[in-house]
Amino acid sequence: MPELPEVEVVRRGLADHAAGRVITKAEVMHPRAVRRHVPGARDFEARLAGQRIDAARRRGKYLWVELSGGDAMIAHLGMSGQMLVRPVGAPDEKHLRVRLSFDDDGPELRFVDQRTFGGLALSDVVEVDGDRLPSPVAHIARDPMDPAFDQAAVVQAMRRKHTDVKRALLDQTLVSGIGNIYADEALWRVKLHWARPTDRLTAPKTAALLDAAAEVMNEALAVGGTSFDALYVNINGQSGYFDRSLNVYGQEGKPCARCGRPIRREAFMNRSSFSCPRCQPRPASAS
Ligand SMILES: [Zn+2]
């Protein structure tokens, strides 16, 4: 799944190329792409026509555009969803699912999704803690790049949890935007094993971990994100290249950049965790 930097890359593209434009026509080519829009594809098309895209927003890994009618269109990128800006008349992509046309006759906005785990949906908007959020996003915590992110409060909340530190990092109701890739990278930077219990971490160590997560995601954003899966692309279809800078994620057997020991892979929540056996020793309590 794309994480915060990959989603932010797409958001910036939408802010530059879609905001301020009026939709004349929405075409759903595959009903599965709007399955989260419960009233169905025809309703989705009818409600979008005539609306202006006012802004592109993101919280954590969640992306949406604000519409002039007061509702929002949420874009779930899933495993392979892409929001692409394409000239009118450009050949349809093989996996084109939704096309939006605009009254300026300028480039179309296309939702392309090879595996169809992603999709688009219209949603009402609610106010939470001073921010306007689509209701399905209302429970998602602020991410470390949010100007209103309250790090001290998140440190306290993490330390109150009796859980593994990586599980806490991935808990989108605690802190959002961090997934498997950037969690592993942040843990390596502060030399913590993923199974360390949060209630035994000091407040400064927990703060350092959140700082490391923000730092690694900022570095990834600067180079267009991680294209670990070649399907994560910006609105022009280009991939980022932070995968070249990964220290542990996907690096099993390669030498740790700090100490030279081979990076190990361990099973974690049906996926994998990558870490350095010397820099990030397993806690004695974990088996
Ligand atoms: Zn090491």
Among M269, R271, E185, side chain to side chain contact (heavy atoms under 4.5 Å, CB included) partner for N180
R271
Identify whether NZ of Lys or CZ of Arg in R142 sits under 6.0 Å from the centre of the six-membered ring of F149 and within 45° of that ring's axis.
no
Between K161 and D199, is there a salt bridge with N-O shorter than 4.0 Å?
no
Would you indicate whether the side-chain heavy atoms of V85 and E108 approach each other to under 4.5 Å?
no
Verify, without hydrogens or angle tests, whether R261 (side chain) and P277 (backbone) share a donor-acceptor contact under 3.5 angstrom.
no
Are side-chain heavy atoms of L192 and L209 found at a separation under 4.5 Å?
yes
Taken to the nearest 0.5 Å, the spacing of R196 CZ from T163 OG1 works out to 14.0 Å
Ion pair check, R99 and E27, cut-off under 4.0 Å:
yes
Do I23 and V88 sit in one hydrophobic cluster, given that two such residues count as connected whenever their side-chain heavy atoms are within less than 4.5 Å of each other, even indirectly?
no
Between T226 and Y182, do the side chains contain a donor N or O and an acceptor N or O under 3.5 Å apart?
yes
Step by step, would you call R21 with D103 a salt bridge (Lys or Arg N to Asp or Glu O under 4.0 Å)?
CA-CA 7 Å; R21 303 178 68 199; D103 74 344; over 6 Å; no
Give the minimum heavy-atom separation between V190 and K205, together with the two atoms involved.
O-NZ, 2.7 Å
Does one side chain, of R159 or T198, offer a donor that lies under 3.5 Å from an acceptor on the other?
no
Side-chain donor-acceptor contact under 3.5 Å, H95 with D113
no
Exam field: side chain S176 to backbone Q172, donor-acceptor pair closer than 3.5 Å
no
Taking C-beta and beyond as the side chain, do L169 and L187 meet within less than 4.5 Å on heavy atoms?
yes
K166 and S273 have their tightest heavy-atom pair at NZ-OG, 2.6 Å
Is V9 close to L221 at the side-chain level, that is, under 4.5 Å between some pair of heavy atoms?
yes
Taking atom types as modelled, find out whether W194 and E266 have a side-chain donor-acceptor pair closer than 3.5 angstrom.
yes
Backbone N/O of E3 and side chain of E6: donor-acceptor pair under 3.5 Å:
yes
So which heavy atom on C256 is nearest to which on W188, and how close?
SG-NE1, 3.4 Å
What I want to find out is whether R189 reaches D211 closely enough, with some N-O distance under 4.0 Å, to be called a salt bridge.
no
Could you measure the distance from the CZ atom of R11 to the CG atom of L63? Nearest 0.5 Å is fine.
8.5 Å
Does this structure show an ion pair linking R12 with D16, if we count only N-O contacts that are shorter than 4.0 Å?
no
Do L67 and L48 have side chains that approach each other closer than 4.5 Å (heavy atoms only, starting at C-beta)?
yes
D164 side chain vs P197 backbone, donor-acceptor pair below 3.5 Å:
no
State the CZ-CG distance between F44 and L120, to the nearest 0.5 angstrom.
4.5 Å
Could you go through E93 and R86, starting from their C-alpha distance and side-chain angles, then the distance that decides it, and tell me whether this counts as salt bridge (Lys or Arg N to Asp or Glu O under 4.0 Å)?
CA-CA 10 Å; E93 290 75 12; R86 288 286 187 252; 3.1 Å; yes
Apply side chain to side chain contact (heavy atoms under 4.5 Å, CB included) to residues F268 and L170 and explain how you reach the verdict.
CA-CA 12 Å; F268 171 82; L170 299 184; 3.7 Å; yes
Could you check whether any side-chain N or O of D146 sits under 3.5 Å from a backbone N or O of A148, counting only pairs where one atom can act as donor and the other as acceptor?
yes
Flag yes if I178 and L174 sit in one hydrophobic cluster, no otherwise; membership is Ile, Leu, Val, Met, Phe, Trp, Tyr, and two members link when side-chain heavy atoms are under 4.5 Å apart.
yes
d(D71 CG, R47 CZ) to nearest 0.5 Å is 5.5 Å
Would you call R59 and D131 a salt bridge, using N to O less than 4.0 angstrom?
yes
How many angstroms lie between atom CD of E66 and atom CE of M73, to the nearest 0.5 angstrom?
12.5 Å
When you look at M83 and L109, which way does the side chain to side chain contact (heavy atoms under 4.5 Å, CB included) test go after all the steps?
CA-CA 7 Å; M83 298 292 293; L109 186 58; 3.9 Å; yes
Taking the side chain from Q151 and the backbone from L210, do they hold a donor-acceptor pair closer than 3.5 Å?
no
Would the distance check show the side chain of H76 and the main-chain N or O of G78 forming a donor-acceptor pair, the cut-off being under 3.5 Å?
no
Within the structure provided, determine whether H30 and L96 are in side-chain contact (heavy-atom separation under 4.5 Å).
no
Looking at residues at least two apart in the chain, or sitting in another chain, which of them share a salt bridge (Lys or Arg N to Asp or Glu O under 4.0 Å) with R258?
none
Would a distance-only check, ignoring hydrogens and angles, find a side-chain to backbone donor-acceptor pair under 3.5 Å from H37 to L122?
yes
Short side-chain to backbone donor-acceptor contact, S272 and R265, under 3.5 Å
no
May I ask you to decide whether D143 forms a salt bridge with K61, counting only side-chain N to carboxylate O separations under 4.0 Å?
no
If you look at every heavy atom in M29 and V98, which pair is closest and at what distance?
CG-N, 4.1 Å
Atom CD in Q251, atom OG in S275: separation rounded to 0.5 Å?
12.5 Å
Hydrogens and angles aside, do D54 and S68 bring a side-chain donor and acceptor to less than 3.5 Å of each other?
no
Closest contact, heavy atoms only, I53 versus A18:
CB-O, 3.6 Å
Salt-bridge present (R58, E8; N to O < 4.0 Å):
yes
Minimum heavy-atom distance between S123 and P134, given as atom pair plus value:
OG-CB, 3.6 Å
